[in-house]
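A short write-up of the structure that comes next.
All values reported here derive from a predicted model rather than from experimental measurement.
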Amino acid sequence: MNYDIIIVGSGISGAVIAQSYAEKLNKKVLIIEKRDHIGGNCYDFYDDAGILVSKYGAHLFHTNYEKVWKYVHKFSDFSKYEHKVLAKVDGKLVPVPVNITTVNMLLGTNIKDEKEMDKWLLENQIKNDDPKNGQEAALSRVGKVLYEKIFKNYTKKQWDKYPEELDASVLNRIPVRNNFDGRYFSDKYQGQPKEGYTKLFEKMLSHSNITVRLNTDFFDIRDTLNSYERLFYTGPIDQFFDFKHSVKDKLEYRSIRFEFETYDKKHFQKNSVINYPNEEKFTRIVEYKYFTGQTSPKTTISKEYSVDYLPGVNDPYYPVPNPKNNEIFTKYQNEARQLEKNCIHFVGRLANYKYFNMDEAFKNALDLFYSLNPEVDKS
Ligand code: UDP
C-alpha cells in the first residue's frame with residue numbers, strides 16, 4: 001500500500017503530525033515505530049499490581065499555550081494536578097524550586113514574607129544578567145550555599161557533568177520563588193490525562209487513515225520507502241546521518257535506567273517525586289499513584305538512575321546542551337535543512353536536539369504542520 005506521509009516515531013511529535021495530516025488533509029499516513037508500543041517516552045501502562053506507571057519516567061503536563069491545551073483536550077479529559085517536588089537535603093525534605101520554606105528549613109532562617117525573602121535573595125544571589133553556563137545561572141538564582149546543597153551534585157549525577165559544563169538553559173529550567181508557592185511549574189494550565197498518556201495517544205492515532213507499524217526499525221527499511229509526499233523523522237538526528245559528524249566526538253544524550261519496586265502499602269513516600277541531590281546513586285524516586293489519585297492497598301515506585309546513552313543498548317532521553325554538543329548538532333542541522341527541499345523534516349526533542357517540554361513538543365509539531373500547509377484551517 002502507498003502512503004502519502006511517512007513518520008518515524010510515534011511520540012508526541014510523530015503523533016501530532018500523523019493526526020493532523022490524517023484529519024485535516026485526509027492523507028494516508030504510515031508511522032514506523034521501533035518499540036512495541038506507541039507514545040514514545042510518554043507511554044504508560046498498568047503494572048502487575050494494577051498501578052498505572054510510566055515506563056520511561058514521570059510526565060507532567062503543563063503549558064501556557066492555550067492552543068496546545070485545547071489540542072490535547074480533543075483526545076482526553078485532564079484531571080487537575082499541580083506537581084510538587086521535594087528534595088532530601090541534610091536529612092530533611094525541602095521544596096524544590098527553592099521557596100521561603102526551603103531557605104528556612106535548610107538555613108535556619110525565619111523568613112516570613114516576600115519582602116524578607118527578596119532581601120535574603122538580594123544578599124545571597126551572585127547576580128549575573130547573562131549567565132554563560134549552568135553554574136552561573138544557578139548561583140544567580142539561589143546563591144552559593146543552596147547551589148551546593150541542591151543543584152551541584154544532582155546535576156553531576158543527572159548529566160555526568162558539573163553545571164559549569166552545561167548551557168545556562170538547563171539550570172534555568174528551575175525558578176526561585178520569593179513566596180511559599182511549592183508548585184514545580186507556574187504555568188496557567190496544568191493537569192494529567194485522566195486515563196493516562198497511552199490512551200491519549202491511542203485516540204490521537206485512531207483515525208482510519210493512520211497505520212502504525214510497531215517493532216519496525218526505520219533504518220532496516222528506509223531503502224524500501226520512496227514514493228511518499230513527505231517524511232517526518234523524530235529520532236536522534238545523528239543516527240539519520242549515520243553519525244558522520246561524530247567521528248571525533250559523539251553527539252551526547254543522557255538515558256535513564258529505572259528500577260521499579262512494588263510495596264504492599266498505600267504509600268511509599270510522602271510526595272510523588274523526591275529528589276536526591278547528594279547521597280544516593282539515583283537522582284529521584286517517583287511514586288506514580290500520586291499523579292492519578294488511584295486508590296490501591298499497593299504502590300509502585302521507580303528509582304531513576306541517570307546513565308550515558310549507548311545506541312543499540314538503551315534509549316536516548318535528553319540532549320546535553322553545551323557548546324561542544326551544540327557545535328556537532330549544527331553540522332547535522334545544516335544537512336537536515338538541505339533535506340527539507342526533498343520533503344524530509346526533522347521534528348521533536350531528539351531530531352532537533354532541544355531539551356524541550358511536552359507542551360513545546362506539541363506546539364512545535366503543530367507549528368510545523370501549519371507552516372507546511374498554510375491553507376489549512378487552524379481550528
Ligand atoms: N536540578 C537540580 N536539582 C534538583 C532539580 C533539578 O540540580 O533538585 C537541575 C538538574 O541539572 C536538572 C535541571 O535542574 O537536570 C532541570 O531539572 P528538571 O526537573 O527540569 O529535569 P527533568 O524533569 O527534565 O529531568
Side-chain angles (χ1 to χ4, degrees), residues 9-16 33-63 68 72 75-86 158 173 184-185 187 190-205 212 214 234 253-263 266-269 271-276 282-296 298-307 309 314-318 348-350 355-362:
S10 64
I12 294 173
S13 309
V16 170
E33 172 56 61
K34 193 164 82 168
R35 291 171 169 167
D36 62 1
H37 60 75
I38 58 168
N41 285 357
C42 297
Y43 175 73
D44 52 18
F45 65 101
Y46 287 90
D47 70 3
D48 292 344
I51 310 289
L52 185 63
V53 298
S54 294
K55 185 163 181 186
Y56 308 97
H59 283 75
L60 293 318
F61 199 86
H62 56 101
T63 189
V68 170
V72 293
F75 313 106
S76 177
D77 288 334
F78 277 65
S79 61
K80 272 201 185 327
Y81 175 80
E82 291 192 317
H83 189 45
K84 289 187 176 166
V85 172
L86 298 176
Q158 166 73 25
R173 289 169 62 84
Y184 206 60
F185 311 112
D187 300 48
Q190 309 194 24
Q192 291 292 80
K194 274 196 175 147
E195 294 179 84
Y197 285 94
T198 302
K199 281 270 180 273
L200 184 153
F201 278 84
E202 280 172 3
K203 189 94 185 281
M204 284 179 81
L205 301 179
V212 182
L214 297 176
T234 73
Y253 302 83
R254 288 299 274 171
S255 185
I256 306 175
R257 183 168 62 78
F258 299 93
E259 276 180 11
F260 284 89
E261 294 166 6
T262 295
Y263 290 86
K266 274 194 185 153
H267 282 295
F268 175 84
Q269 59 189 22
N271 193 57
S272 61
V273 176
I274 298 187
N275 288 358
Y276 289 82
F282 43 82
T283 51
R284 55 190 173 197
I285 299 182
V286 177
E287 184 168 0
Y288 288 95
K289 266 167 87 179
Y290 284 104
F291 301 139
T292 54
Q294 223 186 317
T295 50
S296 164
K298 298 186 180 203
T299 191
T300 300
I301 59 145
S302 74
K303 294 179 178 158
E304 297 192 3
Y305 296 85
S306 184
V307 293
Y309 162 56
N314 53 20
D315 296 312
Y317 287 76
Y318 300 89
R349 204 190 234 212
L350 300 173
Y355 184 6
F356 46 56
N357 293 328
M358 280 191 287
D359 66 325
E360 291 163 313
F362 276 100

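- Residues meeting the side chain to side chain contact (heavy atoms under 4.5 Å, CB included) test with Ile38, sequence neighbours left out: Ser10, Phe201, Glu202, Leu205, Val212, Leu214.
- Thr300 places no side-chain N or O within donor-acceptor distance of the main-chain N or O of Thr262, the cut-off being under 3.5 Å.
- Figure legend: cation-pi geometry between Arg254 and Tyr318 absent, as NZ or CZ is not positioned both under 6.0 Å from the six-membered ring centre and within 45° of its axis.
- Side chain of His59 to main chain of Asn41: a donor-acceptor pair is present (N/O by atom type, distance under 3.5 Å, no hydrogens or angles).
- For the pair Gly348 and Phe356, the tightest heavy-atom approach, listed with the atom from each and the gap, is C-CZ, 3.4 Å.
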query: Stepwise, does the side-chain contact (heavy atoms from CB on, under 4.5 Å) test hold for Leu200 with Phe78?
result: CA-CA 10 Å; Leu200 184 153; Phe78 277 65; 3.8 Å; yes
- request: Could you walk me through whether Val53 and Phe45 pass the side-chain contact (heavy atoms from CB on, under 4.5 Å) test, one step at a time?
  value: CA-CA 6 Å; Val53 298; Phe45 65 101; 3.6 Å; yes
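- Phe185 and Leu60 make their closest contact through CE1-CB, 3.8 Å (heavy atoms, listed as atom of the first residue, atom of the second, distance).
- In terms of heavy atoms, Lys266 sits closest to Ser296 at CG-O, 3.9 Å.
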- request: Applying side-chain contact (heavy atoms from CB on, under 4.5 Å), run through Val286 and Phe291 and close with a yes or a no.
  value: CA-CA 10 Å; Val286 177; Phe291 301 139; 3.6 Å; yes
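- The line from NZ of Lys203 to CD of Glu195 is 9.0 Å long, rounded to the nearest 0.5 Å.
- A search for side chain to side chain contact (heavy atoms under 4.5 Å, CB included) contacts involving Thr63 returns Phe61, Tyr65, Val68, Trp69, Tyr189, Asp359, not counting sequence neighbours.
- Separation of atoms OG1 (Thr292) and OH (Tyr81) is listed at 9.5 Å; rounding is to 0.5 Å.
- Partners of Ser255 by side chain to side chain contact (heavy atoms under 4.5 Å, CB included), not counting sequence neighbours, listed by chain and number: Val307, Tyr309, Asn314, Tyr317.
- In terms of modelled atom types and a separation under 3.5 Å, the side chain of Lys298 and the main chain of Ile51 share no donor-acceptor contact.
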field: Tyr355 vs Arg173, side chain to side chain donor-acceptor pair (under 3.5 Å): CA-CA, chis, key distance, verdict
entry: CA-CA 10 Å; Tyr355 184 6; Arg173 289 169 62 84; 3.2 Å; yes
message: The test is side chain to side chain donor-acceptor pair (under 3.5 Å); show your working for Tyr197 and Ser76 and say whether it passes.
response: CA-CA 9 Å; Tyr197 285 94; Ser76 177; over 6 Å; no
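- Residues passing the side chain to side chain contact (heavy atoms under 4.5 Å, CB included) test with Glu287, sequence neighbours excluded: His267, Phe268, Gln269, Tyr290, Thr299, Ile301.
- No side-chain donor-acceptor contact under 3.5 Å links Glu304 to the backbone of Gly57.
- Between Cys42 and Met358 the shortest heavy-atom distance is SG-SD, 3.9 Å.
- Once rounded to the nearest 0.5 Å, the distance linking CD1 of Ile256 with OH of Tyr305 reads 13.0 Å.
- Pairing each heavy atom of Tyr288 with each of Ser302, the nearest pair is OH-OG, 3.2 Å.
- Salt bridge absent: Lys84 and Glu82 never bring a charged side-chain N and a carboxylate O closer than 4.0 Å.
- Residues meeting the salt bridge (charged side-chain N to carboxylate O under 4.0 Å, His left out) test with Lys303, sequence neighbours left out: Glu261.
- In terms of the ring-ring contact (aromatic ring centres under 6.0 Å, His included) criterion, residue partners of Tyr56 (sequence neighbours excluded) are, by chain and number, His37.
- Between Asp44 and Gly196, the shortest heavy-atom distance links the atoms OD2-CA, 3.4 Å.
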Audit row: Tyr184, Ser272, side chain to side chain donor-acceptor pair (under 3.5 Å) steps and yes/no: CA-CA 12 Å; Tyr184 206 60; Ser272 61; over 6 Å; no
